Asker: 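Sharing a structure with you now.
For clarity, every value in this text was computed on a predicted model and none was experimentally measured. Numbered from 1 within each chain, the chains take letters A, B, ... in sequence-line order.
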Amino acid sequence: MNRAEQLCFSLLSSCKSLRSLQQLQAHATKSALDSDQLVAGKLLLHCAVHISGAIDYARRLLLHAPNPDAFMYNALIRGFSDSDTPQNSISTFSLMLKNLGSQIDSFTLAFSLKSAANMRCLQTGTQLHCQALMRGLDTHIFVGTTLISMYAECVCVGSARKVFDEIPNPNIVTWNALLTAFFRRGDVEGAERVFGSMPAKSLASYNLMLGGYVKLGEFGLARDVFDEMPLKDEISWSTMIVGLVQYGCFDEAFLYFRRLHEVGMRPNEVSLTGVLSACAQAGAVEFAKILHGFVEKVGLVWITPVNNALMDTYSKCGSVDMARLVFERMPGKKSIVSWTTLIVGLAMQGYGEEALALFDEMEESGLRPDGVAFVAILYACSHAGLVEKGSEIFETMSKVYGIKPEIEHYGCMVDLYGRAGQLLKAYDFVTQMPIPPNDVIWRTLLGACSFHGNVELAEQVKRSLSELDPSNSSDHVLLSNIYAFAGKWKDAATVRRSMVELKLTKTPGWSMIEVDKIMYTFIAGVKQDDMTMEAYKKLTEIMSKLKVEGGYIPEVDNVLHDVEEEEKEDAVVAHSEKLAVAFGIARLARGSNVRIVKNLRVCKDCHNVMKLISKVYKLEIRLRDRSRFHSFKNGSCSCRDYW
DNA sequence: GTAGGGTTAG
């Protein structure tokens, strides 16, 4: 390497943008370095893998290179393998095969195989495997390991094993790839056998075991590995935290996060996104604010997923304005996830028009909406009652953007019509869908029937639902409640009895409230502890005050006769959100806002009670239910009674 | 002059 080349390479490593790289390129041309194969190759590699958004420029560099060599092809194939269009890797491979076929080497195959793995495309992967076989590269340690990873991604454990057996000296990375293959198939015993026969274990092997157990919900086993590990790094901790959050064990996730801190480790971006997601789901906004401060202090604001998690947390905790602020101030790159997160946040609050405006803005910024973005915008329309607009967008999605609607999009449409009370239209839509409706679709429609009190259609929908998922207890509860609200107590009781016969237990409704940074959970009908007793006592007081000062009339009390206690409880009386709000009124400082998170959809009676409380007690209540946000203020709700 | 295995967001 000569001095000019050396200088060029050291300058290259500091190029962070395409612009600075182009300046360096101009400089190289001036110094007659542009005909230097080494320089041209390095420039291309830097564009392809180190500068975000410069991959197309890298492609042009290759197409215009006077003598494209194997190194250049490999660089471009590598760049595409980590992009959002890994299929371009494969087309570059084909081009290389045509132009420079004899020079395909272990790098070419390893990078191309990575793309096949990312695409989970077994067909492409197998073709590349053939190419490797023809060149005797299938037993090459790097190619072989990547082949195993590819088969792992495609859940072909047998093929992964075969490749492994042919590799003469598998190293620890090869073993780890094989371990992944077994876990990918959910084969714990197979994975344990591999782990047991490994000649050496590194930290990554233990982390793989942890992740594998955690993903399969085997927390006891995961905890054993975690406690026995000779060394733990940030990935070990992150794996535990993320896994616990994914399984809804928020308290334990918070515990691990605290322990991580106590043993002197610093939370990294992954454990932070994990614990933020726990805050989002549990509604722990005060704790999230502390984490936000930490994120800013340690410079993690540059990490896009962290910002996205912050936005998601703030919007799911009812502070969509904070979410917007995070979005506007993000110093790093806004990904399509960033935009979609805020769109959903606005939609949950019923800000349909703002969500639509943001969607347009996203497109203007050059991002092309994907399938999930369309789910978000359709969700926005359905939660804001924008039926016409929603139908229009649904049409454009396939006709203009060429995105084939999937079951989630159809679900949004059913919700759109159903929420708006256009039940028959929703029903026709379901029966005319080009793909068979699943249980979620029918359940959405059943929810709409419940909200709009259509008993006949509900019965019909429930029959279809029972064919698909007969043992879902919440469907039975919903139908029973539909009967109860219509005063058909005998039918309600029949549904209840069938639940007993089918041995179905109902999903208990729970609500959480944060007081002094501690989350309290309330479950209707569970009265043994002091905290719940306190809530019940306060609730009784509140309800009588509402009757006198707010003119409260219970939704079904007047027709409740000759009914078993259980149906009454379920239909209205002491739903968990009422207990949580009562607890909040008893414990929170005057003037604090009440924030509640509920796992099911709020019922009409509770919604009514919340409105009255907000007026009589001059309180602002934010309630997140399974489906959306409700901000109660001065006797009315932000959802405009539309939910 | 380029690689392979372990934890992140809608």
Side-chain angles (χ1 to χ4, degrees), chain A residues 1 5-6 9 12 36-46 48-49 69-79 81 105-111 113-114 117 140-150 152 167 170-181 183 202-212 214-215 233-243 245-246 267-277 280 300 303-313 315-316 335-345 347 369-377 379:
Chain A
M1 205 192 303
E5 283 173 346
Q6 241 168 19
F9 295 158
L12 192 58
D36 184 320
Q37 279 298 106
L38 279 183
V39 171
K42 283 270 191 184
L43 272 169
L44 201 156
L45 176 69
H46 198 79
V49 304
D69 59 19
F71 182 92
M72 293 180 189
Y73 277 102
N74 290 348
L76 193 63
I77 292 171
R78 179 184 169 195
S81 74
D105 58 12
S106 61
F107 294 98
T108 321
L109 283 159
F111 298 141
L113 281 164
K114 176 101 183 281
H140 181 282
I141 191 78
F142 281 95
V143 177
T145 307
T146 322
L147 268 169
I148 295 169
S149 299
M150 182 276 294
I167 298 174
N171 62 19
I172 198 158
V173 182
T174 320
W175 278 97
N176 286 345
L178 186 65
L179 191 54
T180 306
F183 271 127
S202 77
L203 198 49
S205 318
Y206 285 97
N207 285 339
L208 269 167
M209 289 305 285
L210 268 190
V214 159
K215 275 197 201 87
D233 65 358
E234 348 178 285
I235 296 182
S236 326
W237 287 94
S238 312
T239 304
M240 287 303 279
I241 291 169
V242 168
V245 174
Q246 277 164 358
N268 67 356
E269 77 240 40
V270 181
S271 51
L272 261 166
T273 42
V275 84
L276 276 169
S277 163
L300 285 171
I303 313 283
T304 305
V306 172
N307 281 292
N308 297 346
L310 273 171
M311 283 162 49
D312 191 42
T313 309
S315 19
K316 288 210 175 113
S335 69
I336 189 144
V337 180
S338 319
W339 291 87
T340 317
T341 306
L342 189 56
I343 289 172
V344 172
D370 62 3
V372 188
F374 274 104
V375 170
I377 201 68
Y379 175 91

Asker: For Y206(A), give me all partners under ring-ring contact (aromatic ring centres under 6.0 Å, His included), at least two apart in sequence or on another chain.
Answerer: F195(A)
Asker: Contact class for I336(A) (heavy atom, under 4.0 Å): base, sugar-phosphate, or nothing?
Answerer: base
Asker: Looking for any heavy atom pair under 4.0 Å, which part of the strands does G211(A) touch: base, sugar-phosphate only, or nothing?
Answerer: nothing
Asker: Base, sugar-phosphate or nothing for L203(A)? Non-hydrogen atoms, less than 4.0 Å.
Answerer: base
Asker: With a centroid cutoff of 5.5 Å and a plane-angle limit of 30°, would you call F142(A) stacked on dA3(B)?
Answerer: yes
Asker: Can you tell me the distance, in whole Å, between the CD atom of Q37(A) and the C1' atom of dT2(B)?
Answerer: 15 Å
Asker: Tell me the interatomic distance from L179(A), atom CG, to dG5(B), atom P, rounded to whole angstroms.
Answerer: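 One finds 14 Å between P of dG5(B) and CG of L179(A), rounded.
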Asker: Looking at the base of dG4(B), is there any donor atom on it, or on the side chain of N171(A), that sits under 3.5 Å from an acceptor on the other one?
Answerer: yes
Asker: If you round to the nearest 0.5 Å, how far is CG of L208(A) from CD1 of I235(A)?
Answerer: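 Going from CD1 on I235(A) over to CG on L208(A), the span is 10.0 Å.
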Asker: At 4.0 Å (heavy atoms only), tell me whether T341(A) reaches a base, stays on the sugar-phosphate, or touches nothing.
Answerer: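 Since only primed, P, OP1 and OP2 atoms lie under 4.0 Å of T341(A), the category is sugar-phosphate.
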Asker: Looking at the side chain of S238(A), which of dT7(B), dG10(B), dT8(B) is the nearest nucleotide?
Answerer: dT7(B)
Asker: Contact class for I303(A) (heavy atom, under 4.0 Å): base, sugar-phosphate, or nothing?
Answerer: nothing
Asker: With a 4.0 Å cut-off on heavy atoms, is S338(A) in touch with a base, just the backbone sugar-phosphate, or nothing at all?
Answerer: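 S338(A): no heavy atom of the nucleic acid under 4.0 Å.
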Asker: Give a yes/no verdict on base stacking between dG5(B) and W175(A): centres under 5.5 Å, planes within less than 30° of parallel.
Answerer: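 No, W175(A) does not stack on the base of dG5(B).
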Asker: Heavy atoms under 4.0 Å, any strand shown: does D312(A) hit a base, just sugar-phosphate, or nothing?
Answerer: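 Touches sugar-phosphate only.
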Asker: Can you say whether a donor on the side chain of T340(A) sits under 3.5 Å from an acceptor on the base of dG10(B), or the other way round?
Answerer: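 Side chain to base: pair present.
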Asker: Considering only side-chain heavy atoms of N308(A), which listed nucleotide, dT2(B), dG4(B), dA9(B), is closest?
Answerer: dA9(B)
Asker: Closest approach of L276(A) and V306(A), non-hydrogen atoms and distance?
Answerer: CD1-O, 4.2 Å
Asker: For S277(A), what residues pass the side-chain hydrogen bond (donor to acceptor under 3.5 Å, both in side chains) criterion, not counting sequence neighbours?
Answerer: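 side-chain hydrogen bond (donor to acceptor under 3.5 Å, both in side chains) list for S277(A), sorted by chain: Q281(A).
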Asker: Any base atoms under 4.0 Å from S335(A), or only sugar-phosphate, or nothing? Heavy atoms, all strands.
Answerer: base
Asker: Looking at T239(A) and dT7(B), is any side-chain donor or acceptor paired with a base atom of the opposite kind under 3.5 Å?
Answerer: no
Asker: Heavy atoms under 4.0 Å, any strand shown: does A373(A) hit a base, just sugar-phosphate, or nothing?
Answerer: base
Asker: Set out, in order, the CA-CA distance, both residues' side-chain angles and the distance that settles side chain to side chain contact (heavy atoms under 4.5 Å, CB included) for S149(A) and T180(A), then state yes or no.
Answerer: CA-CA 8 Å; S149(A) 299; T180(A) 306; over 6 Å; no
Asker: Just call it for F111(A): base, sugar-phosphate, or nothing, with non-hydrogen atoms closer than 4.0 Å on any strand.
Answerer: base
Asker: What's the closest nucleotide to the F107(A) side chain, out of dT7(B), dA3(B), dG4(B)?
Answerer: dA3(B)
Asker: Determine whether L179(A) and M209(A) make a side-chain contact, defined as any pair of heavy atoms from C-beta on separated by less than 4.5 Å.
Answerer: yes
Asker: Could you check which of dT7(B), dG5(B), dA3(B) has an atom nearest any side-chain atom of A110(A)?
Answerer: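 It is dA3(B).
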Asker: Checking all strands, does V372(A) fall into the base, sugar-phosphate, or nothing category for heavy-atom contacts under 4.0 angstrom?
Answerer: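 Base: the residue V372(A), judged by heavy atoms under 4.0 Å, touches a nucleobase.
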Asker: By the 4.0 Å heavy-atom rule, please label D233(A) as base, sugar-phosphate, or nothing.
Answerer: base
Asker: Once you apply a heavy-atom cut-off of 4.0 Å, does H140(A) come out as touching a base, just sugar-phosphate, or nothing?
Answerer: base
Asker: On the side chain of T146(A), is there an atom forming a donor-acceptor pair with the base of dA3(B) - under 3.5 Å, no angle test?
Answerer: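 Side chain to base: no pair below 3.5 Å.
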Asker: Using only modelled atom types and a 3.5 angstrom limit, is any donor from either the side chain of S202(A) or the base of dG5(B) paired with an acceptor on the other?
Answerer: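 Counting by modelled atom types and ignoring angles, a donor-acceptor contact under 3.5 Å is found here.
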Asker: I'd like to know if N176(A) reaches the base of dG4(B) with its side chain such that a donor and an acceptor end up less than 3.5 angstrom apart.
Answerer: no
Asker: Does Q246(A) place a side-chain N or O at less than 4.0 Å from the phosphate oxygens OP1/OP2 of dT8(B)?
Answerer: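 Q246(A) to dT8(B) OP1/OP2: side-chain N or O found under 4.0 Å.
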Asker: Give the rounded distance in Å between these two atoms: CG of L342(A) and C1' of dA9(B).
Answerer: 14 Å
Asker: Using a cut-off of 4.0 Å on non-hydrogen atoms, how would the nucleic acid contact of S271(A) be classed: base, sugar-phosphate, or nothing?
Answerer: nothing
Asker: Just how far is it from atom CD of Q246(A) to atom NZ of K215(A), taken to the nearest 0.5 Å?
Answerer: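 The NZ atom of K215(A) is 7.5 Å from CD of Q246(A), to the nearest 0.5 Å.
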